J.: 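My questions all concern the structure below.
None of these values were measured; they are calculated from a predicted model. Every number for a ligand or one of its atoms is a count from 1 in the order of the listing. Scope of the values below: all heavy atoms of this structure, side chains included, with no hydrogens, waters or symmetry mates.
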Amino acid sequence: MVQTYITEDFREAVKQVLDNALKGKETANFEFPLFTNEGEHVMVLLNSSTRRNAAGEITGVLGVGQDITELVGHRNNLELKVDQRTLKLKQASQYSRSLIEASLDPLVTISAEGIITDVNEGSIEVTGVAREKLIGTDFSNYFTEPDLALAGYQEAFEKGSVRNYPLTIRHKNGQLTDVLYNASVYRDTDGNILGVFAAARDITQLVSSRKKLELRTRELYEALKKEKDLNELKSRFVSTASHEFRTPLSAINFAAGSIKKYWSKMKPIMVAKKLDKIENQVLHMTELLDDILLVGQAESGKMRNHPLTLNLGNFICEIIEEVYHSSKKAQKIVLVDTESLKSTDIYIDEKLGRNIFTNLISNAVKFSPNEHQVTVELSSEKEHTIISVTDFGIGIPKSELEKIFMPFIRGKNVDLIQGTGLGLSIVKEAVNLIGGELFVNSTEGKGTTFIVKIPKKQL
Ligand code: ADP
């Protein structure tokens, strides 16, 4: 006969169930193992209930045991499977986590509301913000152009993904990282979009090399342009210089030829006149050569700036005198000094300074009628001493105002007034070299003012 027994460790519990029922406390579905004397293991489901008589007094206990061995077997099997599944899922999630962390690129998951739900180490590094602080915040906060970042996110949301979207991430210490942003939506098992998975590729180095390349290209382009300008200048020089030299040379030739031919018949005064003419033309050619040499120096960067402290009054008065005496005109050149600056000093390279103001003042004289005075005015600003030269002469046509600073360019209204078109280009180079500024105001037929701002000495 098959006998069953309850093992030691369950005996007390089963007894308790039955005792409780005797006291009126029933137990449902108490599971315990039974062993048969043949060593078989049976699982029992015990339900205990209290028996009472009509008066409601407890008369006994009804215990119903049900063999659930097979059921429990199924259940255990199921539990084991669930446990194995859970373990696998856990392993898979750990695996994808390490995959995400293995990427140096910043990776984030963003909810449908644009809130960061998870980040990897790369995101922490690039923003300088801790994981807990990143999660739960608006992802667009971390870009220099949040609107652009939002638009990229929106695009991923609408199209399912976005590729190589250029953005810039700002680290909390201000450092910027240029990235290409790639994002795809992720969904639940029913296909509803849960959010966006985004990866950013750092392209800062690429961008910086591109910028360097662009800079280099621009430098090369500018060097090429300079070379081209220089070439144009040279050809303009050849045509102008040959013309400019030819005119005085034929005048000299003509004067010398007349003297030679009519020597015996000429009155001394006539000979003297012709000799004066020759002298003048030689002088003009010398000036022309000097100017050409200066322009050449300026163009090849050979003009040097060695500033000295000079008395402003002496400096400008000497130049005015010289221009006055070398001009054939008896024109008044008036110095206006309302701020009493004559006794102050300026800090300027004497040679460059002379070049600037000799040219400007002699132009003012040259391009205005005899009876109209020329004024040279001194004034001062916080960081500059200003010298302006004003005349009431022919003026410069508006359309030519920019060009007149180029070598060999002369105004269309100069008529027979002599010149080479080199003076102003020398002035411009010299003003640049002394670190000053040059302005011109002019109205054709009314007059012209050139303003030169000379930097004060920085102590
Ligand atoms: P140049 O005096 O030998 O012609 P510049 O280079 O000094 O050459 O001047 C270039 C041109 O600018 C002049 O030919 C003239 O057309 C114009 N210009 C310069 N200064 C004046 C001025 N004060 N009034 C009118 N035109 C001027």
J.: Please check if the side chain of Ser327 supplies one atom and the backbone of Val323 the other of a donor-acceptor pair under 3.5 Å.
T.: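 No: the side chain of Ser327 does not pair with the backbone of Val323.
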J.: Measure the distances from the heavy atoms of Asn359 to every atom of ligand 1 and state whether one is below 4.0 angstrom.
T.: no
J.: Who gets closest to atom 17 (C) of ligand 1 by heavy atom: Asn413, Val365, Ile404?
T.: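 It is Ile404 whose heavy atom sits nearest to atom 17 (C) of ligand 1.
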J.: At what distance is the nearest protein heavy atom to atom 26 (N) of ligand 1, and which residue and atom is it?
T.: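 Minimum-distance protein heavy atom for atom 26 (N) of ligand 1 reads Ile396 CG1, 3.2 Å.
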J.: Counting heavy atoms only, which part of Phe405 comes closer than 4.0 Å to ligand 1: side chain, backbone, both or neither?
T.: neither
J.: Examine distances only and state if a side-chain atom of Lys277 and a backbone atom of Ala251 form a donor-acceptor pair shorter than 3.5 Å.
T.: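 Not a single qualifying donor-acceptor pair exists.
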J.: To the nearest 0.5 Å, tell me how far Phe197 CZ sits from Asp118 CG.
T.: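 That separation rounds to 9.0 Å.
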J.: Give me the nearest non-hydrogen protein atom to atom 16 (O) of ligand 1 as residue plus atom name, then the distance to 0.1 Å.
T.: Gly411 N, 2.7 Å
J.: Closest approach of Pro407 and Leu422, non-hydrogen atoms and distance?
T.: CB-CD2, 4.0 Å
J.: side-chain hydrogen bond (donor to acceptor under 3.5 Å, both in side chains) with Tyr142: which of Thr177, Thr168, Thr137?
T.: Thr137
J.: Would you mind running through ligand 1 and noting each atom that sits below 4.0 Å from a heavy atom of Gly421?
T.: 1 (P), 3 (O), 4 (O), 6 (O), 8 (O)
J.: What residue and atom, counting heavy atoms only, is the protein's closest point to atom 6 (O) of ligand 1, and at what distance?
T.: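 Scanning the protein heavy atoms, the shortest distance from atom 6 (O) of ligand 1 goes to Leu424 N, 2.7 Å.
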J.: Ile409 heavy atoms, cut-off 4.0 Å: which ligand 1 atoms fall inside?
T.: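 The atoms of ligand 1 under 4.0 Å from a heavy atom of Ile409 are 10 (C), 11 (C).
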J.: To the nearest 0.5 Å, tell me how far Leu45 CG sits from Asn29 CG.
T.: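 Between Leu45 CG and Asn29 CG, I get 4.5 Å after rounding to 0.5 Å.
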J.: Can you sort out which atoms of ligand 1 are near Lys366, meaning under 4.0 Å from one of its heavy atoms?
T.: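 This gives 1 (P), 2 (O), 3 (O) as the contact atoms.
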